[in-house]
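Written out below as structure tokens is the structure these notes cover.
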Amino acid sequence: MQSTTLDTRAAQGSRNNLIAMALVAMLAIAPWFAGEFVQHLAVLTCLNVVAVTGLALISRSGQLSLGHAAFMAIGAYCAALAGNLAGLSFIPALLLGFAFSTRPTFYALALAVAILSTWGLYRLFRQPLGQAIDSVAVNPALAEATGLSVHRIQICCFVAGCAIAAVAGILQSRYIGYISPESFNTSISVGLIIMLVIGGRNSSWGPLVGAIVLTPLPELFRGAVQTQHIFYGAALILILRFMPGGLADLPRRLFTRDQR
Amino acid sequence: MDWSTLLVQATVNGMVVGLLYLLMAVGFTLVFGVMRIVNFAHGEFYMLGAFAAYFITAKAGLPFLATLAVTFIGAVVLGILLEVLVLKPFRQDELNGMITTIGLAMIVQNLALMVFGPDPLSMPAIVRGVTRMGGVVIPTSRLYVVGFALAVLVLLYVFLKHSRPGRALRAVVEDFEIASIQGIRSRIYYPLGFGLGVGLAAVAGSLMAPLFSVSPFVGAAPLLKAFIVVILGGLGSIPGAAVAGMALGLVESYSSLFLNTSTADMLIFVLVIVMLVVRPRGILGQGEA
């Protein structure tokens, strides 16, 4: 009896996963058939997915970075300087022998990096190392007592998260073609934190969901930037209060409510 | 003008700014000490205090002392309300509490932007004229501001040292659990600590409104400075904040004589990082995790 309910639950779970996958795939493919503007937004979304994934890695080891945009800036400036001074062109272009100069092809590259980073995060947290990282965040003292080096794990996560942010910075400098210290200020860092929290801090899908929902959102509020920020602030507090798992946790919550 | 006059002038200016940092940092560290969260909305209360001073003194014509009292009480009440209504569920969850204050800061700043508009307003000085001491010229309004700030700090000191609620508050800052065991009702002191902390920020805002301009964006810089002061002085340490606040004001004032602003700012951040690496608990911090 119990095994059958478990089976149906598992079947329903995998069906839900399939639906989610199909939805994401449709969202990912759609920009190629849409206009320039949608493609532009799609590229920005992918870049945000990458940057927020880096932040998620830092956050899941129990840390918070308010300077995440600075590491994007380091990546962006290194790429730009390498291009200008050392004559090194865009690195993926060198590796793959393809220029990625048009918007549709660049979207393909950004999408590939975004999927790769999300998949990497998902894989990492299904492995012992990922569980070690989670345990460091939940209870550092206990983790230390079980033989994990909290300090080392946190440093590793911070470095890896910042490196991922730098990758996003490299892509962004190439895509926008213009960088300045002002394009990586604190409000960008805070924006990344908001995406992470609204998407879901403890889910591997959180960065993906957060970036997909929040990157195009300002376009809906073009006329009223201030209301938009008030809305962001309120959404941040409400989600922290009532949905600590973020939007990525929503299907599971609805699903378990049905079961009751 | 010779060098000694310039130096004395820089000292006086540095002390005025240092007092501002001190007021901000004491409130900031009080909130951190009680609630263990970094209050990112602290600068917004400074901004609200500055607007309160502008509207109450410059528009409604109330005396400055009354303005300070009204602002302080208003901010304490607002802080208590916010703590009870918004921050209460996050008491055991410092990281989420911190992110919540970021949300609060965004809401308050953009509400102010909608209500007051983005243009900086300038408030008339509380008193006209200058005071001369030797070769040094000080606008009298600055002296008033210094006097008021010192009075606020003395009142705070007396409250924390000698009154029952003040001593209880310090006990909660020192060790929350042991304070609870001694019968101190922490349920009261969470909102009170937050209210007092943001009240001090609002007073700092009102005091500085006549010296600097008033706009919805003025809160960011004092918040950052409070952050620096608190790190230098030691998180949760009030005497440490006092020493570091004055030191930061003076260092900034002197360095502006010799360096340009961005170099000076960078040097201060280098100092903060060195401090965090070499002596993470700060100048007078207790060294508690």
Side-chain angles (χ1 to χ4, degrees), chain A residues 55 58-68 70 136-141 144 150-151 181-182 185-202 210 214 218 221 223-246, chain B residues 36-44 81-119 215-217 219-221 223-225 227-228 231 262 265-266 269 272-273 276-277 280 289:
Chain A
L55 192 62
I58 296 173
S59 147
R60 284 186 77 164
S61 65
Q63 307 173 89
L64 181 67
S65 170
L66 275 167
H68 207 58
V136 164
V138 173
N139 191 337
E144 190 83 51
V150 172
H151 186 62
E182 272 306 299
N185 58 20
T186 321
S187 65
I188 306 286
S189 299
V190 171
L192 294 173
I193 292 176
I194 293 173
M195 282 183 204
L196 179 65
V197 172
I198 290 185
R201 261 192 308 152
N202 297 318
L214 287 185
F221 293 94
V225 182
Q226 293 142 15
T227 356
Q228 172 205 335
H229 282 119
I230 293 173
F231 171 77
Y232 274 15
L236 195 66
I237 294 173
L238 289 175
I239 285 198
L240 280 171
R241 172 74 183 84
F242 297 107
M243 240 170 33
Chain B
R36 301 278 141 193
I37 63 165
V38 172
N39 178 20
F40 286 101
H42 209 65
E44 307 317 321
L81 279 179
L82 281 178
E83 208 285 334
V84 172
L85 295 177
V86 180
L87 292 172
K88 198 174 175 184
F90 303 108
R91 281 183 188 169
Q92 303 309 318
D93 190 352
E94 286 89 0
L95 191 64
N96 281 349
M98 231 156 83
I99 303 174
T100 306
T101 60
I102 296 179
L104 271 183
M106 287 176 77
I107 295 175
V108 172
Q109 189 185 60
N110 287 287
L111 275 179
L113 200 58
M114 284 171 78
V115 176
F116 303 124
D119 300 321
S215 89
F217 307 108
L223 171 66
L224 195 64
K225 295 292 154 59
F227 225 138
I228 295 174
I231 289 171
S262 56
D265 275 357
M266 232 162 70
F269 279 112
V272 168
I273 292 174
L276 281 173
V277 172

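Proteins get letters first, then strands, A, B, ... in listed order; numbering begins at 1 in each.
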Practice task
Taking all non-hydrogen atoms of both residues into account, name the closest pair between B/P89 and A/R241 and its distance.
Solution key: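 Answer, listing the atom of B/P89 first, then A/R241: CG-NE, 3.0 Å.
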Just how far is it from atom [atom1] of [X] to atom [atom2] of [Y], taken to the nearest 0.5 Å?
{"X": "A/L64", "Y": "B/I99", "atom1": "CG", "atom2": "CD1", "result": "5.5 Å"}
{"X": "A/I237", "Y": "B/T101", "atom1": "CD1", "atom2": "OG1", "result": "8.5 Å"}
{"X": "A/L240", "Y": "B/I102", "atom1": "CG", "atom2": "CD1", "result": "9.5 Å"}

Handout entry: Region of B/V108 in contact with chain A, defined by heavy-atom distances below 4.5 Å
Key =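 Neither part, no heavy atoms under 4.5 Å.
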Problem - Segment of B/L104 engaging chain A (4.5 angstrom heavy-atom cut-off) - result: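 When you check distances to chain A, atoms from both the backbone and side chain of B/L104 fall under 4.5 Å.
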By a 4.5 Å heavy-atom criterion (distance strictly below it), what part of [X] contacts chain B: side chain, backbone, both, or neither?
{"X": "A/I239", "result": "neither"}
{"X": "A/I193", "result": "side chain"}
{"X": "A/L236", "result": "side chain"}

Practice task
For A/H229 and B/L113, run side-chain contact (heavy atoms from CB on, under 4.5 Å): C-alpha distance rounded to whole Å, both residues' side-chain angles, the deciding distance at 0.1 Å, then the answer.
Solution key: CA-CA 11 Å; A/H229 282 119; B/L113 200 58; over 6 Å; no
Practice task
Using a 4.5 Å cut-off on heavy atoms from C-beta on, say whether the side chain of B/F40 contacts that of A/L66.
Solution key: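 Yes, at least one pair of side-chain atoms sits under 4.5 Å.
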